[in-house]
Number of protein chains: 2
Amino acid sequence: MKSSTGRRAATKQKLYEAAVTLIAEQGFSATTVDEIAERAGVAKGTVYYNFASKSVLFEELLRHGVGLLTASLREAAEQTARSGGSRVDALDAMIRAGLVFIHRYPAFTQLYVAELWRTNRAWQETLMVVRQEAVAVVEGVLRDGVEAGEFSDEIDVSLTAAALVGMVLVAALDWLAFQPERSLDDVHGALSLLLQGRVTGRR
Amino acid sequence: MKSSTGRRAATKQKLYEAAVTLIAEQGFSATTVDEIAERAGVAKGTVYYNFASKSVLFEELLRHGVGLLTASLREAAEQTARSGGSRVDALDAMIRAGLVFIHRYPAFTQLYVAELWRTNRAWQETLMVVRQEAVAVVEGVLRDGVEAGEFSDEIDVSLTAAALVGMVLVAALDWLAFQPERSLDDVHGALSLLLQGRVTGRR
DNA sequence: GTTTTTGCACTGACCAGTCAGTGCAAAAAG
DNA sequence: CTTTTTGCACTGACTGGTCAGTGCAAAAAC
């Protein structure tokens, strides 16, 4: 991919970074192209030289970000499998990978959550595709685990996957927004406990 | 309270209903006051007769909605306690109450999630207050459970509460958006299993 | 010499908020 | 009774401003 090194790619990257924080803070419609250009330190014309429109910039940003996330989740699952960990270990590693990602790209996460369940929007389609990619990684591990007899076969794979994703997402955003002094390990520990059912009494 | 029956209150209610779906679909900034007025079957001036500004309308809408939610969660917890259920039962009842609420007011939930972690916005303060009220109900049950020795004392009350809320929120929104054919009991069942740690193997 | 970026003036659609005025029912004045 | 006044709820045309997107010539980078 030559595009990842050229001058143009560097400009796009600057625009992504400027757009992601502004849109996370204010929302898509409330963020102006002039603001994005200014924060990226670029002329407005450059925005339109690189992207067909404001929406297209946003869609490409979404794809870009979710690409990073799924790669990181997959990596965590594979890494665990390679080093002989169980499926629970794999889920646990994915939870951590999720937390690390959100910690690193909080603005992207905010914006993603804010847009995910919106209907009637131009990028609805993009979001669906991209969501499916991410949730599919979790579903994959759950399904394998059920097949291998490691997880209860009573579980509903897709609902459980959604619930797990939600658990991590909301806990992480809450952590960053309201208790930023906590460590990543604290948060990871709390979620691990919950995942393993050690909240409701048994040891 | 006379205000809950008069002509004016009826108009406000119509405006809330119009605003909630439009803002859930499009976001706050992308929704125009003209649209809200039109959907409510009212002139634009009426919106400004009843609310000082678009933001104020939105803030009052938030307070209104979260009030309903917390009442419903508290009710579920108390009902369980009264009929001699355990804390796990109370959590489970609250999960169900949450699902029922989201099923009934999906638009409100979408809009709440979309705005909750935004910074730099006029209603930031309102959201904080209102969030605290809702999460506090869950935290209360967790704290009581730990004190009573029913939950592990290793748990981190506030992080666990956030994670539980997230689990319900995301699972429910996913249910409504992507698998609406599932029943409430299906979703509740999946979340119960997860809460009780019966996903990762033990019976 | 080709690609990319800049700077800047311009347009036209769109939109939050305003304001003078309407309709109406109940109270006050005659 | 009947006329006039008052206050409330609502109306919709209008205004001042904002913003996505355009056009283009000149400079900079490669």
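Quick note on labels: first sequence line is chain A, next is B, and so on, each numbered from 1. This one's a predicted model, so the numbers in the text were calculated from it and none came from an experiment.
- Between atom CE of residue A:Met94 and atom CG of residue A:Leu91 there is a gap of 6.5 Å, rounded to the nearest 0.5 Å.
- Between B:Phe108 and B:Tyr112, the ring-plane angle classifies as parallel under the 30° and 60° cut-offs.
- Applying the Watson-Crick and G-U wobble criteria (two distances, each under 3.5 Å), D:dT5 pairs with C:dA26.
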query = Which letter, B, S or -, goes with each nucleotide of nucleotides 3-19 of chain C from 5' to 3', with contact meaning a protein heavy atom under 4.0 Å?
reply = SBBB--------SBBB-
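- Judged as a salt bridge (Lys or Arg N to Asp or Glu O under 4.0 Å), and not counting sequence neighbours, A:Arg74 has no contacts.
- Regarding A:Leu57, its CG atom lies at a distance of 10 Å from the P atom of D:dG21, rounded to whole Å.
- The backbone N or O of B:Arg182 sits less than 3.5 Å from a side-chain atom of B:Trp175, completing a donor-acceptor pair.
- Remark: B:Lys12 pairs with B:Glu60 by the salt bridge (Lys or Arg N to Asp or Glu O under 4.0 Å) rule, at least two apart or across chains.
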